[in-house]
Each structure stands twice: as C-alpha cells, then as structure tokens.
Amino acid sequence: MKTYLGIVCLFLMSYSLQAQKFKPSGGLNYSDVNSSDDVLNGKGGWQAGLGLEFGEGKMYVEPGIFYTVKKLDLTGSSSPDLTATFPDLEGIRIPVNLGIYLAGNSESAVAWRVFGGPSVFFLTGDNEAYSDDIQSTNWGVFAGTGLNLSIVFIDMAYEWSVNDISTQFATIDFGRTNGFFAQAGLRFEL
C-alpha cells in the first residue's frame, strides 16, 4: 500500500507544475453502509486535503488527495439494543474529478459545475480492532456539483462504493460504505 501512495504522490507532484489551479480544502463526510444485515450505521466524519485542477474552457480534470476519517456505529443484528462505536476508518482518499462547467468557466468570478469520477480510499489507521478484517483499499465512483465564488469554492458529492469493506466475516455482511462529502476551500492560480 505504501508503494501505491508513493506512486500517487509522485504523479500528483509531477503534474502540479502543469496545473492551473491549486485547491486546498476541508469538509465533512457522512458514511452510510449498504448491507443486508444493517449492522453498521453512519456518523459524521471529516476530510482535509488538496486538488489540482487542469483544463481550459468548460471541461476540467481534478485529481486530489485527502486525509479522510469515516465514522460508523456497530449495531447488533440479532439484538437491536446492542450498540458499540466502530473504530474510525482513517486513511487517504484519492478522487479524480472529471467535470464540466454548466455556467461560467474556470476563470469566471461565479461558476457552477458538475463532476464525477473514480476514487480510492486507502486505510492507513493502525487499529488492531479491524486491521485484519477490513479491506485496506476501498474503490468507489462519485458524482457531485460545485460552486465557485471568486477564489472560494464549495463542493458536494455522493460516493458509491464498488467493493465491500470486509470479506473476512462469514456471518455478518458489513456491506459497502457509500458516503456524502461536503467541502469548501480556496482556488489559487498557478
């Protein structure tokens, strides 16, 4: 996993010299788990990181890298009064936005855009409670919308996981961690 993160960091650093916008941001997320057993319930988490926007005119590509903390609660499927706090899922989330400006463009003072694309979440938290049972890589696809107001931007997106968070538990279906992401940040010209 460290090799994957190193390759991604080198990729982002090499292309940062060609990027037109540098976008540090932070925000909140809410993870919802889609499973047949309903044993994990979503809670609010957070993320902070940056994106690099490439493109001229109406279309753009924006790879990003974010430190992300997803929070969940564990509920007993056979005993509804059994609840516990599930350890935080901490890691690096790497989304790649493929977007289009519907109103304005990357140079406009006010612009509205839509985007979507693939993402990957690498679990980096060193927590013994789940290190052997939770997959260290979670793949997803997402769609969202954003608003640029001068140098400030606001993004909202929903992500659908394409793989289960665990394949180790034979009796419990932990399911997929779908999630809502909201963030705000600044756009700097490079």
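Keep in mind that this is a model prediction, so the values were computed, not measured.
Residue pairs meeting the salt bridge (Lys or Arg N to Asp or Glu O under 4.0 Å) criterion with at least one member in residues 94-108, sequence neighbours excluded: Lys21-Glu107.
A donor-acceptor pair under 3.5 Å links the side-chain atoms of Thr145 to the main chain of Arg113, judged by distance alone. Between the Arg187 side chain and the Ser150 main chain, a donor and an acceptor come within less than 3.5 Å of each other.
Geometrically, Lys23 does not engage Phe188 in a cation-pi contact defined by less than 6.0 Å to the ring centre and at most 45° from the axis.
Evaluated for a side chain to side chain contact (heavy atoms under 4.5 Å, CB included) with Asn29, the options Phe66, Phe181, Phe180 yield exactly one hit, Phe181.
For the residue pair Asn138/Ser161, the side-chain donor-acceptor check at 3.5 Å is satisfied. Side-chain polar atoms of Ser106 and Gln20 form no donor-acceptor pair below 3.5 angstrom.
When hydrophobic clusters are built by joining Ile, Leu, Val, Met, Phe, Trp and Tyr residues whose side-chain heavy atoms come closer than 4.5 Å, directly or via intermediates, Val162 is grouped together with Ile94.
For Ser108, the side chain to side chain donor-acceptor pair (under 3.5 Å) criterion is met by Asn105, not counting sequence neighbours. Partners of Tyr67 according to the side-chain contact (heavy atoms from CB on, under 4.5 Å) rule, which considers only residues two or more places apart in sequence or in another chain, are Trp46, Val69, Glu90, Ile92, Thr124. By the side-chain contact (heavy atoms from CB on, under 4.5 Å) test, Leu149 pairs with Val110, Leu147, sequence neighbours left out. Under the side-chain contact (heavy atoms from CB on, under 4.5 Å) criterion, Leu102 pairs with Ile100, Trp112, Val114, sequence neighbours left out.
Side-chain contact check for Tyr30 versus Lys70: every heavy-atom pair is 4.5 Å or farther apart.
The two residues Ser119 and Pro95 come nearest to each other via the heavy atoms CB-CA, 3.8 Å. Between Ala182 and Gln47, the closest heavy-atom pair is O-NE2, 3.5 Å.
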Before giving the answer on side chain to side chain contact (heavy atoms under 4.5 Å, CB included), spell out for Leu50 and Phe22 the whole-Å C-alpha distance, their side-chain angles and the decisive distance to 0.1 Å. CA-CA 7 Å; Leu50 63 96; Phe22 175 73; 3.9 Å; yes
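For CH2 of Trp139, the number of neighbouring non-hydrogen atoms (other residues, nucleotides, ligands) closer than 6.0 Å is 12 at most.
Side-chain heavy-atom separations under 4.5 angstrom define the hydrophobic clusters, and the remaining members of the one that includes Phe142 are Tyr60, Tyr101, Phe115.
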